[in-house]
Amino acid sequence: MSDPAISFAIPYHRGIHYLERAVASVVAQTRDDWTCTVVDDAGPEPEAAAALVAGYADPRLRYVRNERNLGLAGNRSEEHTSELQSPCN
């Protein structure tokens, strides 16, 4: 896959229902040249967050988990290769 035009980053700590809505919103985009990284910021429900992302079976979605809570600013250090970048907070 070539570099996507848009990269979304969704920082997540708790509140799986909010994460569900955020990921569904990204997946529902009319463009298909995007990637989305869900960054689990050492939240209390990692299994639920990982399962949510895996359930889409979409290679454009990626799940990463921080070993410790980095806070919102710390989660924005993720490298992106697209021209447009959108943090979803």
Side-chain angles (χ1 to χ4, degrees):
M1 179 165 110
S2 63
D3 289 343
I6 304 167
S7 292
F8 296 98
I10 303 175
Y12 165 76
H13 182 71
R14 67 171 49 102
I16 194 70
H17 56 282
Y18 296 116
L19 181 61
E20 290 170 347
R21 290 176 58 190
V23 172
S25 175
V26 170
V27 172
Q29 298 300 306
T30 56
R31 294 182 64 146
D32 61 2
D33 55 345
W34 55 264
T35 61
C36 179
T37 303
V38 173
V39 182
D40 183 342
D41 200 17
E45 39 194 7
E47 296 84 8
L52 171 73
V53 173
Y56 278 96
D58 189 325
R60 299 172 296 178
L61 287 172
R62 186 169 78 117
Y63 171 84
V64 295
R65 178 168 169 78
N66 294 334
E67 299 268 334
R68 62 183 179 83
N69 188 310
L70 301 177
L72 187 57
N75 285 302
R76 289 196 177 160
S77 64
E78 180 74 27
E79 292 288 328
H80 297 285
T81 58
S82 66
E83 186 175 320
L84 299 172
Q85 300 166 16
S86 177
C88 302
N89 345 350

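Positions are given from 1 along the sequence.
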Enquirer: Using residues 45-57 as the side-chain source, report each donor-acceptor pair under 3.5 Å to any protein atom, sequence neighbours left out, with the distance given to one decimal.
Expert:
unit_1 : atom_1 : unit_2 : atom_2 : d
Glu45  : OE2    : Tyr12  : OH     : 2.8
Glu45  : OE2    : Gly15  : N      : 3.2
Glu45  : OE2    : Ile16  : N      : 3.3

Enquirer: Under 3.5 Å, which donor-acceptor pairs link side chains of residues 20-30 to any protein atom two or more places apart or in another chain?
Expert:
unit_1 : atom_1 : unit_2 : atom_2 : d
Gln29  : NE2    : Ser25  : O      : 2.8

Enquirer: Looking only at heavy atoms, which two atoms of Ser7 and Pro4 are closest? And how far apart?
Expert: OG-CG, 4.2 Å
Enquirer: Determine yes or no for a side-chain-to-main-chain donor-acceptor pair under 3.5 angstrom, with Asp41 supplying the side chain and Leu70 the backbone.
Expert: yes
Enquirer: Using the test side-chain hydrogen bond (donor to acceptor under 3.5 Å, both in side chains), find all partners of Asp58 that sit at least two apart in sequence or belong to another chain.
Expert: Arg60
Enquirer: Taking only residues two or more places apart in sequence, or in another chain, which ones meet Arg14 in a side-chain hydrogen bond (donor to acceptor under 3.5 Å, both in side chains)?
Expert: none
Enquirer: Please name the residue in the list Val39, Leu19, Thr37 that meets the side chain to side chain contact (heavy atoms under 4.5 Å, CB included) test with Ile10.
Expert: Leu19
Enquirer: For Asp33, check side chain to side chain contact (heavy atoms under 4.5 Å, CB included) against everything at least two apart and list the hits.
Expert: Ala5, Arg31
Enquirer: Please report the C-alpha distance between Thr35 and Arg62 in whole Å, then the side-chain angles of each, then the deciding distance to 0.1 Å, and finally whether the side chain to side chain contact (heavy atoms under 4.5 Å, CB included) criterion is met.
Expert: CA-CA 8 Å; Thr35 61; Arg62 186 169 78 117; over 6 Å; no
Enquirer: Any non-hydrogen side-chain atom of Leu61 less than 4.5 Å from a side-chain atom of Trp34?
Expert: yes
